[in-house]
There are 2 protein chains.
Amino acid sequence: MINKTRSLSLLKKAGLKVTSPRLSVLNVLASSKKGHLSAEDIYKELLESASDIGLATIYRVLSHFQKVKLVSSLNFSSGRTVYEMEKGEHHDHLVCLQCGIVEEFMDSEIEQRQLNVAKKYQFTLTDHSLTLYGICKKCAKEHTRINSKISNS
Amino acid sequence: MINKTRSLSLLKKAGLKVTSPRLSVLNVLASSKKGHLSAEDIYKELLESASDIGLATIYRVLSHFQKVKLVSSLNFSSGRTVYEMEKGEHHDHLVCLQCGIVEEFMDSEIEQRQLNVAKKYQFTLTDHSLTLYGICKKCAKEHTRINSKISNS
DNA sequence: CTTAATGCAAACCGTTTGCATAGAT
DNA sequence: ATCTATGCAAACGGTTTGCATTAAG
């Protein structure tokens, strides 16, 4: 809801027709605290805002957005595809297997090494995906608390 | 077909009942030239060998194999899960987007860097997946040939 | 006015599950 | 004899598509 005008200008800049489903989806992606959302996440969020939008439309809007590089998609081990605003700078991801939170990171040494690997195997690199899975600090703390509860009982 | 006895001993070593579907699947995985196969790939290959096996069984066998660490599974961008024999040593993958060939590589500097990233973000790392996508040498050559054909016509 | 975008329901595709039967130990 | 593995078909979950309708330019 925050940036209706911003979304509008993003759409125009991308040369897309401005429709209310597109504005809505863009808004959710741009303003949701968790920056990585599945189509269904977006759908649910929009149902609450009384926006009358079909799930199929969300998929169509998202794939359209990908074509014009407004958003990009990621496949974590969950199976469902998640979408994030395209911020221009490349990054990789850390995913907490417990709470699902997603952090972004960039390590230029890793990037460089990947180029070397590709060169060595004579691949023309077009893309790569690196995801680290684990337990975030917060969940680890939770876990410790639970464990100590159990061992005390 | 090559290693029926080897497959048999692998199953026994893993403490699994020896059944013909299990032998068949293990054999295909162990002897196929392309070491990374989807459930359907295995299914098709076995249909040709006149083995009467159901696709559901293949999925069940594969997930059983994963539990006992005989095979591991990978999700590339294609959407379908592929399976490979577990060879013990960790490695990452290079995938050709044209012909689908999969190469394996290991770069200990990248591995080390990942640990550092996890530490920095205070994640307890449990797993990671790194896949490089591109065009392999062979396909690049093909491509050049086709391009020059087009520009000559 | 023309052409693209939407909603809905049905189709899809890879994978999983229920159930009755076959088979390994 | 027991208990697990199998085959089949039906169910599933995420995503895509066909078609009649609505709306943007």
Side-chain angles (χ1 to χ4, degrees), chain A residues 4 7-28 36-47 49-68 70-83 100, chain B residues 4 7-28 36-47 49-68 70-83 100:
Chain A
K4 210 127 226 172
S7 299
L8 199 148
S9 80
L10 279 175
L11 286 179
K12 287 200 169 159
K13 200 177 299 175
L16 294 182
K17 260 187 201 175
V18 176
T19 70
S20 78
R22 285 176 182 176
L23 284 171
S24 306
V25 170
L26 204 45
N27 251 296
V28 170
H36 299 77
L37 300 171
S38 70
E40 188 121 17
D41 290 338
I42 297 171
Y43 181 60
K44 282 182 192 149
E45 195 139 332
L46 286 177
L47 281 190
S49 344
S51 314
D52 185 15
I53 188 173
L55 187 50
T57 300
I58 294 184
Y59 279 107
R60 276 188 282 226
V61 165
L62 286 170
S63 81
H64 217 143
F65 283 1
Q66 284 192 81
K67 275 188 213 121
V68 299
L70 268 177
V71 310
S72 52
S73 70
L74 303 159
N75 287 289
F76 298 142
S77 55
S78 66
R80 11 157 55 82
T81 300
V82 299
Y83 301 83
Chain B
K4 210 129 228 172
S7 299
L8 200 147
S9 78
L10 280 176
L11 286 180
K12 288 199 167 158
K13 199 175 302 174
L16 295 181
K17 260 187 198 173
V18 176
T19 70
S20 78
R22 287 174 180 177
L23 285 172
S24 306
V25 170
L26 203 46
N27 250 296
V28 170
H36 299 78
L37 299 171
S38 70
E40 188 121 17
D41 289 339
I42 297 171
Y43 182 60
K44 282 183 193 151
E45 194 140 332
L46 286 176
L47 281 190
S49 343
S51 314
D52 186 13
I53 188 173
L55 186 50
T57 300
I58 294 183
Y59 280 107
R60 276 188 283 228
V61 166
L62 286 171
S63 80
H64 217 142
F65 283 1
Q66 284 191 80
K67 275 189 213 120
V68 299
L70 267 177
V71 311
S72 51
S73 69
L74 302 161
N75 286 289
F76 297 143
S77 56
S78 66
R80 8 157 58 80
T81 301
V82 299
Y83 301 84

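Since the structure is predicted, the reported quantities are computational estimates derived from the model, not experimental observations. Per chain, numbering begins at 1; letters A, B, ... match sequence-line order.
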Q | Partners meeting side chain to side chain contact (heavy atoms under 4.5 Å, CB included) with A:Ser73 (sequence neighbours left out) | A | A:Gln66, A:Thr81, A:Tyr83
**Q.** Distance-minimising heavy-atom pair for A:Pro21 and A:Thr57
**A.** CB-CG2, 3.9 Å
Q | Length of the CZ-C1' vector between A:Arg80 and C:dT15, whole Å | A | 15 Å
Q: Could you tell me the separation between the CD atom of B:Glu40 and the P atom of C:dT16, rounded to a whole number of Å?
A: 14 Å
(Q) Can you give me the bend angle of the helix from C:dC12-D:dG14 to C:dT25-D:dA1? Use the axis through the first five pairs and the one through the last five, nearest 10 degrees. (A) 30°
**Q.** Given DNA chain C, 5'-ward residue of the pair B:Tyr83 and A:Ala56, judged by closest heavy atom
**A.** A:Ala56
**Q.** Strand contacts (DNA chain C) in residues 59-68 of chain B, 4.0 angstrom heavy-atom criterion
**A.** B:Tyr59, B:Arg60
Q. With sequence neighbours excluded, what pairs up with A:His36 under the side chain to side chain donor-acceptor pair (under 3.5 Å) test?
A. A:Glu84, A:His93, A:Glu104
Q: Would you mind reporting whether B:Leu70 and B:Leu10 have side-chain heavy atoms less than 4.5 Å apart?
A: yes
**Q.** 5′-ward residue of the pair B:Ala39/B:Val18 relative to DNA chain C
**A.** B:Ala39
Q) Hey, does A:Ile53 have a side-chain heavy atom less than 4.5 Å from the side chain of A:Val61? A) no
(Q) Rounding to an integer number of Å, can you tell me how far A:Lys17 NZ sits from C:dA4 C1'? (A) 4 Å
Q. Would one find a side-chain N or O of A:Thr19 under 4.0 angstrom from OP1 or OP2 of C:dT6?
A. yes
Q. Can you list the residues that meet the side chain to side chain contact (heavy atoms under 4.5 Å, CB included) rule with A:Val18, with sequence neighbours excluded?
A. A:Leu8, A:Leu11, A:Lys12, A:Leu23
Q. B:Ser20 near the nucleic acid: base, sugar-phosphate alone, or nothing, with a heavy-atom cut-off under 4.0 Å?
A. nothing
Q) What residues form a side chain to side chain donor-acceptor pair (under 3.5 Å) with B:Ser38, not counting sequence neighbours? A) B:Asp41
Q. A:Leu16 CG to C:dA4 C1': how many Å, rounded?
A. 11 Å
Q: Considering only heavy atoms of chain A and a distance under 4.0 Å, specify the first and last nucleotide of DNA chain D in 5' to 3' order that meet this criterion.
A: D:dG14 to D:dG25
Q: Grab the CG-P distance between B:Asp52 and C:dA22 for me, whole Å please.
A: 13 Å
